[in-house]
Amino acid sequence: MTDNEHMLADIVKHLACPVCRRPLRLEHPALRCANGHGYDVAKQGYVSLLVGSRPPGTADSTAMVAARADFLNAGHYAPLARALAQAVSARVTRDFPAESFAHPADDSAMEAYGGAEVSIGHERRRAWLGRRPVVVDAGTGTGYYLAAVLEATAQGIGMAFDVSKHAVRRAARAHPRLGAFVADVWRPLPILDGTADVVINVFAPRNGPEFRRILRPGGAVIVVTPAPEHLSPLVEELGLLSVDAEKESRLARSLEGFTEARRREVAFDMELGPADILGVVGMGPSAWHTDTAQLEQRISSFFSRNGGKRREKVVARARFHLSTFEVTSESRDVA
């Protein structure tokens, strides 16, 4: 097996067949269950687990995926990726405190971790050595955020899901400890019960019942949503879609059975040129409602009004809510 196949085998043991819900196993070049259902591993390294005749939810087009990749790879949302990675790392460190100690000197010793002293008992270290923390990215896009999370959790493995095969092709190459799969978050996820330590959900649909099912006891969902004034003044100047006033209530309804344990705001300024603005619009919901030629005219006019044609960049505000949700005890008891 190649290194990629070894990693895929490590991830596949957490997957469920989307037809019969039996565990999947890797029989290269396909995944198969005990009932004989098979799913080919594409040459790009991803697997489509999308089945049935019912059309999936809205999937990003090739153009939208390319716009997202260019914009994110330019580093414009890097502060958000770091904040998300820190949040997940802190959560995983709580449950896997021995994560960075490959060769501990003494099971009862006090070890240094992140500048703090923590006691790591023999049984807990042994339990950690038996498995690796699992991060599920529901609506992964190009895998950009999950890759940042995996860099911050040195032993973690990532399961990236998106309904867009164009996005998943890119996600499959985003990180060596990541497995990428085509699946619709609105349907039952092809994941075994109690698999994920953390589910991340960045600007994507949320399936609360499925998130509860796939989480391990004590697991969490970490959600990123745009906050009011996000992309100001571009929204006003270019006639883009703004953050819906009902977004908070919709978020709560989508995660019924969860409690928002903590929230932080992530805000920063970005210097964007015309191509960057086309990218940030093209990768978001406004892309479905905006004509490219008209948008280019609006951008040109915007730059002319704000410093003349020679001005190469304008400042736009990025503003997000990063929230951690935990399963309520009542919901866990019912489940």
Do any N or O atoms from the side chain of Thr153 and from the backbone of Val149 form a donor-acceptor pair under 3.5 angstrom? yes
Val47 side chain near Asp40 side chain, heavy-atom distance below 4.5 Å: no
To the nearest 0.5 Å, what is the distance between SG on Cys20 and CG on Asn35? 4.0 Å
The reported gap from CG in Leu231 to CD in Glu236 (rounded to nearest 0.5 angstrom) is 9.5 Å
Nearest 0.5 Å please: distance from the CD1 atom of Ile214 over to the NE2 atom of His14. 11.5 Å
Note: Ser61 and His166 closest approach over all heavy atoms is C-CD2, 4.1 Å
Any chance you could lay out the side-chain contact (heavy atoms from CB on, under 4.5 Å) test for Leu322 and Glu265, step after step, and finish with the verdict? CA-CA 6 Å; Leu322 194 158; Glu265 182 177 289; over 6 Å; no
Distance-only polar pair, side chains of Arg206 and Ser254, donor-acceptor under 3.5 Å: yes
Checking Thr195 side chain against Leu192 main chain: does a donor-acceptor pair fall under 3.5 Å? yes
Quick one: pull up CG in Leu238 and CD in Glu296 and give me the separation to the nearest 0.5 Å. 12.0 Å
Taking only Lys NZ, Arg NE, NH1 and NH2, and the carboxylate oxygens of Asp or Glu, determine whether Arg212 and Glu210 approach each other closer than 4.0 Å. no
Look at the aromatic rings of Phe325 and Phe258 and report parallel, tilted or perpendicular, splitting at 30° and 60°. perpendicular
Contacts under 3.5 angstrom, residues 79-86 side chains, donor-acceptor by atom type, not counting sequence neighbours:
none

Test your reading of the model: is there a side-chain donor-acceptor pair from Arg319 to the backbone of Pro228, 3.5 Å cut-off? yes
Counting only pairs under 3.5 Å, give me each side-chain donor-acceptor contact of residues 269-283, with atom names and distances, residues two or more places apart or in other chains.
from   : atom 1 : to     : atom 2 : distance (Å)
Asp269 : OD1    : Arg317 : NH1    : 3.0
Asp276 : OD1    : His76  : NE2    : 3.3
Asp276 : OD2    : Gly273 : N      : 2.9

Is Arg263 salt-bridged to Glu260, going by a charged N under 4.0 Å from an acidic O? yes
Please state whether the rings of His230 and Tyr77 are parallel, tilted or perpendicular, taking 30° and 60° as the class boundaries. tilted
Backbone N/O of Ala87 and side chain of Arg91: donor-acceptor pair under 3.5 Å: no
dist Arg25:CZ -> Arg22:CZ (nearest 0.5 Å) comes out at 9.0 Å
Where do Leu255 and Gly208 come nearest, in terms of heavy atoms and distance? CD2-CA, 4.0 Å
Run the side-chain contact (heavy atoms from CB on, under 4.5 Å) test on Leu50 and Phe181 for me, step by step, so that the C-alpha distance in whole Å, both residues' side-chain angles and the decisive distance to 0.1 Å come before the verdict. CA-CA 9 Å; Leu50 190 64; Phe181 309 93; over 6 Å; no
Please examine the side chains of Asp197 and Val135, heavy atoms only from C-beta on, and report whether any two atoms are closer than 4.5 Å. no
Considering only heavy atoms from C-beta outward, does the side chain of Phe161 approach that of Val136 to under 4.5 Å? yes
Using the rule that two of Ile, Leu, Val, Met, Phe, Trp, Tyr join whenever any of their side-chain heavy atoms come within less than 4.5 Å, decide whether Val65 and Val185 are in one cluster. no
Hey, are the side chains of Val19 and Tyr39 touching, using non-hydrogen atoms and a 4.5 Å cut-off? yes
Atom of Pro190, atom of Leu15 and distance for their closest heavy-atom approach: O-CD2, 3.2 Å
How many angstroms lie between CZ in Arg170 and CG in Asp162, if you round to the nearest 0.5 Å? 12.5 Å
Side-chain heavy-atom pair Ile157, Asp10 within 4.5 angstrom cut-off: yes
Determine whether Leu215 and Val221 make a side-chain contact, defined as any pair of heavy atoms from C-beta on separated by less than 4.5 Å. yes
Before giving the answer on side-chain contact (heavy atoms from CB on, under 4.5 Å), spell out for Arg213 and Leu189 the whole-Å C-alpha distance, their side-chain angles and the decisive distance to 0.1 Å. CA-CA 9 Å; Arg213 180 184 65 80; Leu189 292 168; 4.2 Å; yes
If you look at every heavy atom in Leu150 and Gly158, which pair is closest and at what distance? CD2-N, 3.7 Å
Can you list the residues that meet the ring-ring contact (aromatic ring centres under 6.0 Å, His included) rule with His321, with sequence neighbours excluded? none
Is a salt bridge present between Glu237 and Arg298, judged by a nitrogen-to-oxygen distance below 4.0 Å? no
Students often mix this up, so state it plainly: with edges at 30° and 60°, are the rings of Phe268 and Phe320 parallel, tilted or perpendicular? tilted
Measuring only between side-chain heavy atoms, which start at C-beta, is Val327 closer than 4.5 Å to Phe211? no
For the student: nearest non-hydrogen atoms of Ala316 and Pro233, plus distance: CA-CD, 4.3 Å
Given the options Asp137, Val88, Val202, Leu146 meets side-chain contact (heavy atoms from CB on, under 4.5 Å) only with Asp137
For Asn201 and Ala138, which heavy atoms make the closest approach, and how far apart are they? ND2-O, 3.2 Å
Does the side-chain contact (heavy atoms from CB on, under 4.5 Å) test come out yes or no for His37 and Arg32, once each step is laid out? CA-CA 6 Å; His37 300 120; Arg32 300 190 185 279; over 6 Å; no
Any heavy-atom pair between the side chains of Arg262 and Ser323 that's under 4.5 Å? no
